[in-house]
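Below, each value reflects all heavy atoms present in this structure, side chains not excepted, and no hydrogens, waters or symmetry copies. Here the structure is a predicted model, which means the values were calculated and not measured. Chain letters run A, B, ... following the sequence lines, proteins first and then strands; every chain starts at 1.
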2 protein chains.
Amino acid sequence: MPTPDRTSLEAIVSAGRDILEASGPGGLTMNAVAERVGVKAPSLYKRVRDKDALFRLVADATISDLTTSLHGPTLRDLAVAMRSFAQTRPQGFRAIFTTGASPEAIAAASEPVLRACRNLVGEERALDAARTVTSWAYGFITMEMSGAFQLGGDIDSAFEAGIDLLTQALSEPQARA
Amino acid sequence: MPTPDRTSLEAIVSAGRDILEASGPGGLTMNAVAERVGVKAPSLYKRVRDKDALFRLVADATISDLTTSLHGPTLRDLAVAMRSFAQTRPQGFRAIFTTGASPEAIAAASEPVLRACRNLVGEERALDAARTVTSWAYGFITMEMSGAFQLGGDIDSAFEAGIDLLTQALSEPQARA
DNA sequence: ACCTGAACACCGTTCAAGT
DNA sequence: ACCTGAACACCGTTCAAGT
């Protein structure tokens, strides 16, 4: 005898995101998700293969939000947007590269950066440039969040110095083959 | 009646590093460490506050090895050394910023980068420059390891393009206040 | 003074039994 | 067709009891 569903994949992923942000990766347990969703833990396995798959769904939903918040034509706009996203959702941001989001989701997030780079350096050098800028922004934000910048100096202005250096270097006519 | 020690903090940390590299963070359990060290799990608590503290000791030992392997005067030398360290000890490299190594250990690792930057841009801009270069290198290596570069193109040459761009930009007379 | 067995609370996951 | 209680193997951690 069929029973009306008491939850949904969407609700499960959404609960997972809230719990991750509130309690960190250690707090994201099957039990915690089940409880928030109004069900017992074993029921989650009807909708999700295992905890790892749930974690990946959370990472995917997060990178998709990141992509949405990435607007503005310049590299500075994009870098600033990425940093403020990370500040409001630090755990989710971390999960993106910790767990590994799906290739499609990563490709979508790359689009705005690639476009900005194409404008600066042209089609041929755009991919390398995008990788350099994304690596820098991701590295800076991650190091900042983990408290790795401890040698003094202003961190906001270090971020500005980085984006200035990169933008300026990519705006130049071109140096070497 | 005192008993001769059956293990040591050093042996515990060393076992932790081996296990982390061999089995990943999920495999680094108190039980696994105890067994490799020839003792039962509860005994570890005589030498280590808890699992988290053990994890931090492992991260510290790893960043200290990283520091040792960071030689060469140019930023390219340092970036290449960092990448090859990460390739031989991926799990340990990840743990450095995941768990957060100690401020002193991070400061020691920063020294060679700071020195190379001082040569290029002078004392005043050295810290910002070091942060930009380190962020880029760390971000690139982390993204590469997590399989985030999926849009084609050669990854080695993207790494070269990054280090070229940064070195070149930092070598220039100076652009703006 | 270190080591251990036993115990506790908590994981993730499976599965037969309920509706 | 979904949901659950019970069960399993495995965590991290504490502590009284051994030597």
Would you kindly give the CG-to-P distance between N31(A) and dG5(D), to the nearest whole Å?
12 Å
Whether D50(B) and R56(B) form a salt bridge (side-chain N of Lys/Arg under 4.0 Å from carboxylate O of Asp/Glu) is what I want to check.
no
Could you tell me whether the side chains of T68(A) and D65(A) share a donor-acceptor contact shorter than 3.5 Å?
no
Quick one: is dG12(C) close enough that its OP1 or OP2 comes under 4.0 Å of any side-chain N or O from K51(A)?
yes
Side-chain N or O of S43(B) closer than 4.0 Å to phosphate OP1/OP2 of dC2(C)
no
Pair assignment for dA7(C), Watson-Crick or G-U wobble, requiring both distances under 3.5 Å:
dT13(D)
For dC2(C), the Watson-Crick or wobble partner whose two distances fall under 3.5 Å
dG18(D)
Can you tell whether the side chains of E35(A) and K40(A) come within less than 4.0 Å, N to carboxylate O?
no
Counting any heavy atom closer than 4.0 Å, what does R49(B) reach on the DNA or RNA strands: base, sugar-phosphate only, or nothing?
nothing
In whole Å, I'd like the distance from the CD1 atom of I12(B) to the C1' atom of dC3(C).
12 Å
Specify the separation, in whole Å, of atom NZ of K40(A) and atom P of dC11(C).
13 Å
Between dC11(D) (C1') and E35(B) (CD): distance, integer Å
15 Å
From the options dC2(D), dC2(C), dG5(D), select the nucleotide whose nearest atom is closest to the side chain of P42(A).
dG5(D)
For atom OH of Y45(B) and atom C1' of dC2(C), their distance in whole Å:
16 Å
Should the pair F140(A) and F159(A) be assigned to parallel (<30°), tilted (30 to 60°) or perpendicular (>60°) ring geometry?
perpendicular
Base, sugar-phosphate or nothing for T7(B)? Non-hydrogen atoms, less than 4.0 Å.
sugar-phosphate
In whole angstroms, the gap separating P of dT14(C) from CG of L44(A) amounts to 12 Å
Determine the contact category for T29(A): base if any of its heavy atoms lies under 4.0 Å from a base atom, sugar-phosphate if only primed atoms, P, OP1 or OP2 are that close, otherwise nothing.
sugar-phosphate
Using whole Å, what does the distance between atom P of nucleotide dG12(D) and atom CG of D52(B) come to?
11 Å
Could you pull out the closest heavy-atom pair between R131(B) and A158(A), with the gap in Å?
CD-CB, 4.1 Å
Measure from the side-chain heavy atoms of R6(A) and tell me the nearest of dC3(D), dC3(C), dT13(D).
dC3(D)
Atom CE of M30(A) to atom C1' of dC11(D): distance rounded to whole Å?
16 Å
By nearest atom, which of the nucleotides dC11(C), dC3(D), dT4(C) is closest to the K46(A) side chain?
dC3(D)
Closest approach to the side chain of A41(A), judged atom by atom: which nucleotide of dT14(D), dT13(C), dG5(D) is it?
dT13(C)
